[in-house]
Amino acid sequence: PVQAPYERKTGWPLPGRIQAEDFDTGGPGTAYADESSGNIGGEYRDTQVDIGALGSDTHRVGWMHAGEWLEYTVKVQAEGTYDLTFRVASPQSEPVELDVSIGDTDVGPVTIPQTDSWDDYTTVTVPGVQLEAGEQVFRIDVANTGGNEYGANLDWIEVTESDHESVPQAIDEDDDGTIGDDEILNALDHWTSGEPVPNTGGQTVTDETVLDLVEMWKAETDITESDR
């Protein structure tokens with residue numbers, strides 16, 4: 001099957017908003033993975049993805065099991081730093097996580113906070129994500145449902161231009177495009193302390209990020225070539 005944007009000739013333009021139910025066409029294993037044999041919610045599209053009504057004229061993806069995933073073909077209008085916002089609901093008391101990637105950019109885990117009910121929505125924002133221009137695939141994996149059968153409801157995803165820096169940009173305090181000796185030590189301090197990196201909107205140096213930064217330091221890599 002050929003993967004393509006849903007009811008569009010080109011990818012969803014970013015910055016912009018994508019409704020969760022507008023995942024790509026192409027079928028299971030190509031555009032999505034879903035454990036149910038049909039659309040449990042019975043709304044909007046005839047696929048295995050479970051879509052329910054949200055109000056009188058909108059929809060959401062729900063009944064999300066660990067291991068399920070959705071893909072959206074998008075077109076990033078210009079290379080730059082963006083904030084990603086997810087409108088979600090989950091009454092689960094244990095952590096629910098989504099793994100998110102856009103093209104070659106690993107956004108990493110997005111933790112969904114507990115809400116009062118499946119109908120009580122909140123937004124979660126990942127700031128300072130560096131994206132390349134052009135058409136690419138936006139993928140959302142249900143990584144962890146906190147041990148529960150279902151993890152969360154997903155209404156929409158919005159990508160906006162960011163006022164924040166990515167972690168490599170912020171660690172590069174002298175703005176020379178590389179990670180120097182003092183800067184990698186600063187990054188290691190943030191990694192061990194867990195303290196947010198200034199000017200990133202609250203991002204921290206994760207295990208994966210610190211490995212990337214060490215590689216940039218060793219290779220004197222231009223940070224504009226990094227994923228985040």
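- In plain terms, the two heavy atoms of Glu43 and Asn39 that are nearest each other are O-ND2, 2.9 Å.
- For Arg60 and Tyr121, the positive end is not near the middle of the six-membered ring at less than 6.0 Å and at most 45° from its axis.
- For the pair Val137/Val74, no side-chain contact is recorded, criterion being any heavy-atom separation below 4.5 Å from C-beta on.
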What do the steps show when you test Tyr72 against Gln136 for side-chain contact (heavy atoms from CB on, under 4.5 Å), and what is the final call?
CA-CA 8 Å; Tyr72 307 80; Gln136 47 208 295; over 6 Å; no
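- Of the possible donor and acceptor atoms, none in the side chain of His65 sits under 3.5 Å from a partner among the backbone N and O of Asp34.
- Taking both residues in full, the closest heavy atoms of Ala66 and Thr145 are given as N-CG2, 3.5 Å, listed atom of the first, atom of the second, then distance.
- When all heavy atoms are compared, the tightest approach of Leu213 to Ala187 is CD1-CB, 3.8 Å.
- In this structure, Thr123 contributes its side chain and Thr85 its backbone to no donor-acceptor pair below 3.5 Å.
- In terms of modelled atom types and a separation under 3.5 Å, the side chain of Thr192 and the main chain of Leu188 share a donor-acceptor contact.
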Stepwise side-chain contact (heavy atoms from CB on, under 4.5 Å) check, Leu98 with Asp141
CA-CA 5 Å; Leu98 306 177; Asp141 285 84; over 6 Å; no
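- Under the 4.5 Å side-chain heavy-atom criterion for Ile, Leu, Val, Met, Phe, Trp and Tyr, Val126 and Ile112 are members of the same hydrophobic cluster.
- For Glu215 (side chain) and Asp212 (main-chain N/O), no donor-acceptor pair under 3.5 Å exists by modelled atom type.
- Checking side-chain atoms of Ser117 against main-chain N and O of Asp119 turns up a donor-acceptor pair under 3.5 Å.
- The distance from atom CG of Asp50 to atom CD of Glu68, rounded to the nearest 0.5 Å, is 6.5 Å.
- Applying side chain to side chain contact (heavy atoms under 4.5 Å, CB included) to Leu154 and the options Arg87, Gln19, Glu21, Met64 leaves one that passes, Met64.
- If you take CD1 on Ile171 and CG on Asp182, they are separated by 12.0 Å, rounding to the nearest 0.5 Å.
- Separating the NE2 atom in His190 from the CG atom in Leu185 is a distance of 11.5 Å, to the nearest 0.5 Å.
- Without hydrogens or angle criteria, Asp172 side chain to Gly177 main chain gives a donor-acceptor distance under 3.5 Å.
- Relative to the ring axis of Tyr32, Arg139 does not place its NZ or CZ within 45° and under 6.0 Å from the centre.
- Inter-residue side-chain proximity for Asn153 and Trp63 is flagged as unmet; no heavy-atom pair is nearer than 4.5 Å.
- Between the side chain of Glu79 and the main chain of Ala133, no donor-acceptor pair closer than 3.5 Å is present.
- Annotation: side chain of Lys75 is not in contact with side chain of Leu14 (no heavy-atom distance under 4.5 Å).
- No donor-acceptor contact under 3.5 angstrom links the side chains of Trp69 and Asp99, judged on distance only.
- Between the side chain of Asn199 and the backbone N or O of Ala170 there is no donor-acceptor pair closer than 3.5 Å.
- A donor-acceptor pair shorter than 3.5 Å can be found between the side chains of Tyr44 and Asp22.
- The closest side-chain donor-acceptor pair between Trp191 and Asp207 falls under 3.5 angstrom.
- Looking at every heavy atom in both residues, Arg8 comes nearest to Pro13 through NH2-CD, 3.5 Å.
- Taking a 6.0 Å sphere around CG of Asp175, one finds it holds more than 12 heavy atoms contributed by other residues, nucleotides or ligands.
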Kindly indicate, with the supporting measurements, whether the criterion side-chain contact (heavy atoms from CB on, under 4.5 Å) is fulfilled by Asp155 and Phe86.
CA-CA 8 Å; Asp155 181 11; Phe86 302 80; over 6 Å; no
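- Side-chain contact check for Leu70 versus Val49: some heavy-atom pair is nearer than 4.5 Å.
- Residues Phe23 and Thr47 form a side-chain contact, since some pair of their non-hydrogen atoms from C-beta on lies under 4.5 Å apart.
- Between Gly26 and Pro1 the shortest heavy-atom distance is O-CB, 3.0 Å.
- Taken together through direct or relayed side-chain contacts under 4.5 Å among Ile, Leu, Val, Met, Phe, Trp and Tyr, Val100 and Val76 form part of one hydrophobic cluster.
- No donor-acceptor pair under 3.5 Å is formed between the side chain of Thr204 and the backbone N or O of Glu195.
- Here the side chain of Asn148 pairs no donor or acceptor atom with the backbone of Tyr150 at under 3.5 angstrom.
- Surrounding CG of Asp46 are at most 12 heavy atoms belonging to other residues, nucleotides or ligands under 6.0 Å away.
- Between Glu173 and Asn186, the side chains place a donor N or O and an acceptor N or O closer than 3.5 Å (distance only, hydrogens not considered).
- Judged by distance alone, the side chains of Glu35 and Gln48 never bring a donor and an acceptor atom under 3.5 Å apart.
- Side-chain atoms of Val167 and Val205, non-hydrogen and from C-beta on, do get closer than 4.5 Å to each other.
- Between the side chains of Thr178 and Asp176, at least one donor-acceptor pair of N or O atoms lies under 3.5 Å.
- Both Ile157 and Val142 sit in one connected hydrophobic cluster of ILVMFWY residues. Membership requires side-chain heavy atoms under 4.5 Å apart, directly or through other members.
- Each of Leu84, Val124, Val88 was evaluated against Val110; a single residue qualifies, Val124, per the side chain to side chain contact (heavy atoms under 4.5 Å, CB included) test.
- At a cut-off of 3.5 Å, with distance as the only test, a side-chain donor of Asp83 or Ser162 sits close to an acceptor on the other residue.
- Within a 6.0 Å sphere centred on CG of Asp163, heavy atoms belonging to other residues, nucleotides or ligands number 12 at most.
- In this structure, the side chains of Glu183 and Asp174 come closer than 4.5 Å at one or more pairs of heavy atoms.
- Of all heavy-atom pairs between Thr200 and Ser166, the closest is CG2-O, 4.0 Å.
- Under a hydrophobic-cluster definition in which Ile, Leu, Val, Met, Phe, Trp and Tyr are linked whenever side-chain heavy atoms come within less than 4.5 Å, directly or via other members, Val159 and Tyr6 are assigned to the same cluster.
- A donor-acceptor contact closer than 3.5 angstrom links the side chains of Gln3 and Glu71.
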Tell me, with the steps shown, if Val96 and Ser90 meet side-chain contact (heavy atoms from CB on, under 4.5 Å).
CA-CA 8 Å; Val96 173; Ser90 176; 3.9 Å; yes
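- Using a 4.5 Å cut-off between side-chain heavy atoms of Ile, Leu, Val, Met, Phe, Trp and Tyr, with links allowed through other members, Trp156 and Trp12 fall into different hydrophobic clusters.
- Looking at heavy atoms from C-beta onward, Pro15 lies in side-chain contact with Tyr82 at the 4.5 angstrom threshold.
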